[in-house]
Amino acid sequence: MNRLATLFQEEQHQLKLNEFCAQRAWWSFIPPRSPHFGGIWEAGVKSVKSHLKLIMAEHKLSFEQFATVLTQIEAVLNSRPLVPVSDDPNDINAITPAHFLIGREFQGIQEPSYEHIPQGRLSQWQLVQDMKQKFWKL
């Protein structure tokens with residue numbers, strides 16, 4: 001791993017990598033107000049927006065609370081399994097979008113469920129966690 005890190009720090013290697021990526025990368029823009037051109041990623045955006053509307057229907061969140069909810073939902077979406085790691089049926093590990101972002105799966109501490117507590121009695125943090133749990137269930 002140290003050899004790979006050293007390789008990426010070399011200026012000559014960075015120039016070759018930039019040149020390689022510049023030759024093979026292309027951008028494809030979709031027209032404004034036409035999400036049907038976006039395909040699968042726009043379907044994901046639509047799904048997140050509709051679920052957010054359901055879980056946040058009666059709540060007015062501060063900027064920090066909203067940012068926290070979105071960040072946690074992003075972590076949930078980037079934790080979903082895409083394909084199994086191996087063909088072994090006993091191996092439950094799967095490749096997730098997080099593997100492409102950070103090189104491993106996301107690991108978080110599980111929060112207790114707040115379903116049994118009335119929402120008016122929840123602290124701000126508990127309310128945000130409750131919204132994340134509701135999103136996960138939808």
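As the structure is a computational prediction, the values presented were derived from the model and not from experiment.
Side-chain N or O atoms of H99 include one that pairs as donor or acceptor with a backbone N or O of T96 at under 3.5 Å. N78 places a side-chain N or O within donor-acceptor distance of the main-chain N or O of E74, the cut-off being under 3.5 Å. Panel note: side chain E19, backbone K16; no donor-acceptor pair is recorded below 3.5 Å. The main-chain N or O of S62 is found under 3.5 Å from a side-chain atom of Q65 such that the two form a donor-acceptor pair.
For the atom pair OG of S113 and NZ of K134, the computed distance is 10.0 Å after rounding to the nearest 0.5 Å. For the atom pair CE (M56) and NZ (K60), the distance works out to 11.5 Å, reported to the nearest 0.5 Å. Of the inter-residue distances, the one linking Q124 atom CD with T68 atom OG1 reads 10.0 Å to the nearest 0.5 angstrom. Atom CD of residue Q126 and atom CD1 of residue I117 lie 5.5 Å apart, to the nearest 0.5 angstrom. In this structure, Q12 CD and L15 CG are separated by 8.0 Å, a value rounded to the nearest 0.5 Å. Note that CZ of R3 and OG1 of T6 are 9.5 Å apart. Values are rounded to the nearest 0.5 Å.
Counting only heavy atoms from C-beta outward, the side chains of I95 and F100 approach each other to under 4.5 Å. When side chains are defined from C-beta on, F66 does not count as touching V128, because their heavy atoms never get closer than 4.5 Å.
Between the side chains of Q72 and Q129, at least one donor N or O lies within less than 3.5 Å of an accepting N or O. One side chain, Q119 or H59, offers a donor N or O that lies under 3.5 Å from an acceptor on the other.
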Hey, can you pull the donor-acceptor pairs under 3.5 Å for the side chains in residues 79-88, sequence neighbours left out?
unit_1 : atom_1 : unit_2 : atom_2 : d
S79    : OG     : A75    : O      : 2.7
R80    : NH1    : L77    : O      : 2.3
S86    : OG     : D88    : N      : 3.4
S86    : OG     : D91    : OD2    : 2.8
D88    : OD1    : N90    : N      : 3.2

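Hydrophobic clustering, with ILVMFWY side chains joined whenever heavy atoms are under 4.5 angstrom apart, groups V48 together with L61.
The minimum heavy-atom distance between I55 and M131, with the atom names listed, is CD1-O, 3.4 Å. Between Q133 and P112, the shortest heavy-atom distance links the atoms NE2-O, 3.0 Å.
Heavy-atom neighbours of I102 CD1 from other residues, nucleotides or ligands within 6.0 Å: above the threshold of 12. Counting heavy atoms of neighbouring residues, nucleotides and ligands inside a 6.0 Å radius, atom CD of E58 exceeds 12 of them.
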Query raised in the report: So V69 and L52, side-chain contact (heavy atoms from CB on, under 4.5 Å) or not? Walk me through it.
Result: CA-CA 9 Å; V69 168; L52 270 176; 4.2 Å; yes

